[in-house]
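Reviewing the structure listed below.
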Amino acid sequence: MRIATWNINSINRRLEHVTAWLERAQPDVLCLQETKCATAAFPEMIFNGLGYESVALGAGAWNGVAIVSRVGLTDVRDNLTDQPEWEGKVEPRAIAATCAGVRVWSLYIPNGRTPDHDHYHYKLKWLQALSRTAAAELVDHESLMLLGDFNVAPTDDDVYDIAAFEGSTHVTEQERAGLKLIEAAGLTEIEPRPLKYDRAFTFWDYRQLAFPKNRGMRIDLVYATPPLAGRVTDAYADREARKGKSASDHAPVVVDLAD
DNA sequence: ATGTCCGATGATATCGGA
């Protein structure tokens, strides 16, 4: 079974990329983030035509998550328990479904903007709520997987040059403590291998030739419970998908599980 | 081979967010 996650930065802008990648990579389940598309406007028929069911949660221009699956999609759930709000609203950043016995969450953790911004505190609270929801879900789902754009680099080696991130979000102790809460809940990170170079970056800014210079970050992450982690046969970041015209600024992360 | 990109706005260039 192949499970993947990809921040596609607008499903409508990226439809051709996503369908081509589905044909090439043949994932059984794909978690999407930043669909930037209202729930009812998600192009589910396109995925149906390729043999995938889908569920989506969105609110138009910002955020938005979805799961597409060709191995079943049941027990769909929107949002975390007590999900923190931004400007008085629960944003579409979390959706879950059970696919072939695996409880899958597609997650888009808030960016944080800058460490002195309210959005940063929102991000930290969001990570705390995520770890609590994960712990609660574990009661009913021993095969639990969290996938998505976490907007946190787990270690200094997960950015191209830690010196370039002084004073920035994504690399702070508090954000990494948020990831540790997920591990404390009983999940382990599935670290992908790179297809090229020494590190498996998943994001490269559109600006200043970041991709050709490989100035990347590893911020799209996968966490799994021990029964699932024990089934992992391969995991990689597919930088090929970052290439070409009108690509997303993120690359997919792919995880293979033994049946 | 790639020096932003996306979506929204009483738009037709500018802005917030990433």
Side-chain angles (χ1 to χ4, degrees), chain A residues 5-21 31-43 46 56-66 84-94 106-127 147-153 158-161 164-172 175 178 194-197 199 201-221 237-253:
Chain A
T5 182
W6 195 5
N7 177 322
I8 33 106
N9 186 14
S10 170
I11 186 64
N12 289 313
R13 191 72 189 81
R14 221 67 64 201
L15 253 188
E16 287 185 17
H17 275 74
V18 174
T19 54
W21 189 80
C31 296
L32 297 169
Q33 301 88 36
E34 281 206 87
T35 54
K36 297 184 174 177
C37 168
T39 301
F42 188 81
I46 300 290
L57 181 66
W62 305 113
N63 314 307
V65 286
E85 298 179 354
W86 178 249
E87 295 179 340
K89 287 181 182 142
V90 173
E91 296 182 311
R93 294 179 175 276
S106 179
L107 301 159
Y108 179 48
I109 281 74
N111 174 284
R113 301 183 188 169
T114 59
D116 60 355
H117 200 286
D118 280 348
H119 209 260
Y120 179 76
H121 299 287
Y122 171 52
K123 179 181 196 173
L124 298 178
K125 281 166 53 180
W126 215 95
L127 285 165
L147 309 94
D149 178 359
F150 282 69
N151 271 316
V152 181
D158 293 312
V159 295
Y160 67 92
D161 177 9
F165 289 84
E166 189 162 345
S168 298
T169 58
H170 294 60
V171 298
T172 68
E175 289 164 287
L195 292 187
K196 190 180 176 183
Y197 304 126
R199 289 176 285 179
F201 294 145
T202 66
F203 167 83
W204 299 259
D205 200 288
Y206 284 123
R207 290 165 288 191
Q208 295 167 320
L209 287 174
F211 184 60
K213 292 177 177 174
N214 200 32
R215 291 181 179 166
M217 306 171 72
R218 193 172 75 83
I219 56 175
D220 296 87
L221 309 176
D238 187 0
R239 72 185 299 283
E240 293 298 309
R242 178 62 177 77
K243 294 181 176 179
K245 196 172 165 59
S246 47
S248 170
D249 42 3
H250 292 252
V253 176

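Protein chains get the first letters and strands the later ones, always in sequence-line order, with residue 1 at the start of each. None of the values given here were measured: they were computed from a predicted structure. Basis for what follows: all heavy atoms, side chains included, without hydrogens, waters or symmetry-related copies.
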For this session: Would you mind reading off the distance between A:E240 atom CD and B:dT2 atom C1', rounded to a whole angstrom?
Result: 13 Å
Exercise. Between A:Y120 and A:H117, is the gap from one ring center to the other below 6.0 Å?
Worked result: no
Problem set entry | Distance, rounded to the nearest Å, where A:R242 contributes CZ and B:dT2 contributes C1' | 8 Å
Problem set entry | Inter-nucleotide C1' distance (B:dG7, B:dT12), Å rounded | 15 Å
Exercise. Between A:N214 (CG) and B:dA1 (P), how many Å, whole number?
Worked result: 16 Å
Exercise. Given side chains that start at C-beta, do those of A:N9 and A:Y206 come closer than 4.5 Å, heavy atoms only?
Worked result: yes
Seminar exercise, completed: On a heavy-atom basis, the closest approach of A:V159 and A:F165 is CB-CE1, 3.6 Å
Problem set entry | Distance-minimising heavy-atom pair for A:L221 and A:R218 | CD2-NH1, 3.6 Å
Exercise. Taking protein heavy atoms under 4.0 Å as touching, what does nucleotides 6-18 of chain B look like 5' to 3' if B marks base contact, S marks sugar-phosphate-only contact and - marks none?
Worked result: SSS-------BSB
Problem set entry | C1' gap between B:dC6 and B:dA11, integer Å | 15 Å
Exercise. Of the non-hydrogen atoms in A:P92 and A:W62, which two are nearest, and what is the gap between them?
Worked result: CG-O, 4.2 Å
For this session: In whole angstrom, give me the gap between the P atoms of B:dG3 and B:dA8.
Result: 24 Å
For this session: Measure up the A:F203 and A:H250 rings against each other and bin them: parallel (under 30°), tilted (30 to 60°), perpendicular (over 60°).
Result: tilted
For this session: Measure the distance from CG on A:L209 to C1' on B:dC5 and round it to the nearest whole Å.
Result: 15 Å
Exercise. In whole Å, what separates the P atom of B:dG10 from that of B:dC15?
Worked result: 14 Å
